[in-house]
Amino acid sequence: MTEDIPLDARIFVAGHRGLVGSSIVRRLEKEGFTNLQLVTRDQLDLRDQAAVNYWFKANRPEYVFLVAGTVGGILDNSTYPAEYIYDNLMIHATVVHASYCFEVKKLLYLGSSCIYPREATQPMTEDELLSGLLEPTNEAYAIAKISGIKLCAAYRSQHGCDFISAMPTNLYGPGDNFDLMSSHVLPALIRKFHEAKLKGESDVVVWGTGKVSREFMHVDDLSDCCLFLMRNYSDTPHINVGTGEDITIREVAEMVRDVAYPDGHIVFDSSKPDGMARKLLDVQRLHDVGWRHRIDLRKGLEDSYTWFVEHYDEAIARGRTRNDS
Ligand code: GFB
């Protein structure tokens, strides 16, 4: 069933300053939506239930994209587990509960592919959830994200709320976090190769062994998918959002090198963690509901590199991103 969302519907994008939220805003604006409700962290702490309830009562959103959260790469996740579990648990709890209390028509909750067990069968179907132990480097984040899925399912089951959950794979794109200690691998590599080129340095350090694989999706594909799911998906099970293709860290580092600095020389630092050996989503369910990604990795990387070069000062100054997926 297709949900016809009026162009003047009140749409709350929670986390609109982050990689995902800013892409969703661009997508909604392009589509002609005129009544986006955006609020910064300083204006509203999403971990504060009373403040969130007050805001919902005053603004009465009809649709909610819940894409706010404390996010980061492998090192940040394992260094700050308390922030990852507390912030994410609280944000989901307050926004989902307020959406129920103030009769939101539909809510899309965004999780992560790290919810699946470390030893999950690859590619990972949605049914792998809670079938084994989690990857230790992101266990706190994963536990919070799993609770968000169960929260949406419980409100659907007990209260009949139209709350859905989507689990995206590793993302990249304009507006990413380029801070080298807290970012994900792709923005880190884009920055490292670019700065090595600027400084005339040959070696570029890549963490881990380079032998593990990851699946990468451009964030503009994800935001297209989020709007598609908001319109076309209404069910209890969460749904994977990925490309169905993965690549080793060595291969992706070589791709970034070719795009940003072909003379760069890759050096692996195996004292840094590898994380999961493989993390590839099974996207059959997504294909069955009628959505497929469009942006090829090489093209997406070229565009992201161009964006980074054009917004270098802003991207570096932004630093560590918190509370925005
Ligand atoms: O992107 P990343 O931090 O996240 O790391 P995860 C992916 C792989 O790239 C790891 C390697 O094997 C890293 O060791 N890598 C190589 C680097 N060079 C770098 C670098 O300079 N920076 C970073 N960050 N990695 C995160 C989870 O896991 O993925 C989160 O911790 C979340 O919870 C996110 O799920 C999507 O894929 O390992």
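One-based numbering, in listed order, for ligands and for the atoms of each.
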Name the atoms and distances for all side-chain donor-acceptor pairs under 3.5 Å in residues 7-15, with sequence neighbours left out.
{"from": "R10", "atom 1": "NE", "to": "R60", "atom 2": "O", "distance (Å)": "2.6"}
{"from": "R10", "atom 1": "NH2", "to": "R60", "atom 2": "O", "distance (Å)": "3.1"}

Item to complete: May I ask which of D179, V71, N88, V185 has a heavy atom nearer to atom 15 (N) of ligand 1 than the others do?
Response: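 It is V185 that holds the nearest heavy atom.
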
Worksheet item: ligand 1 versus R214, non-hydrogen atoms closer than 4.0 Å: side chain, backbone, both, neither?
Response: side chain

Worksheet item: Taking the minimum heavy-atom distance to atom 35 (O) of ligand 1, which of S213, S112, A277 ranks first?
Response: S112

Worksheet item: How are the rings of Y116 and H238 set relative to one another: parallel (under 30°), tilted (30 to 60°) or perpendicular (over 60°)?
Response: tilted

Fill in: Side chain, backbone, both or neither: the part of P273 lying under 4.0 Å from ligand 1 by heavy atom
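Only the backbone of P273 comes within reach of ligand 1.
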
Discussion item. Please report whether ligand 1 has a polar contact with Y141, defined as an N or O pair separated by less than 3.5 Å (distance criterion only).
Written reply: no

Worksheet item: So between S183, P168, G73, G275, whose heavy atom ends up nearest atom 24 (N) of ligand 1?
Response: S183

Discussion item. Is the contact between K272 and ligand 1 made by the side chain, the backbone, both, or neither, using heavy atoms and a 4.0 Å cut-off?
Written reply: neither

Worksheet item: Is there a nitrogen or oxygen of N170 sitting under 3.5 Å from a nitrogen or oxygen of ligand 1?
Response: yes

Practice prompt. Identify, with sequence neighbours excluded, every residue that meets ring pair (Phe, Tyr, Trp, His ring centres under 6.0 Å) alongside F308.
Written response: F178, H194, Y312

Worksheet item: Is there a nitrogen or oxygen of I74 sitting under 3.5 Å from a nitrogen or oxygen of ligand 1?
Response: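 Yes.
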
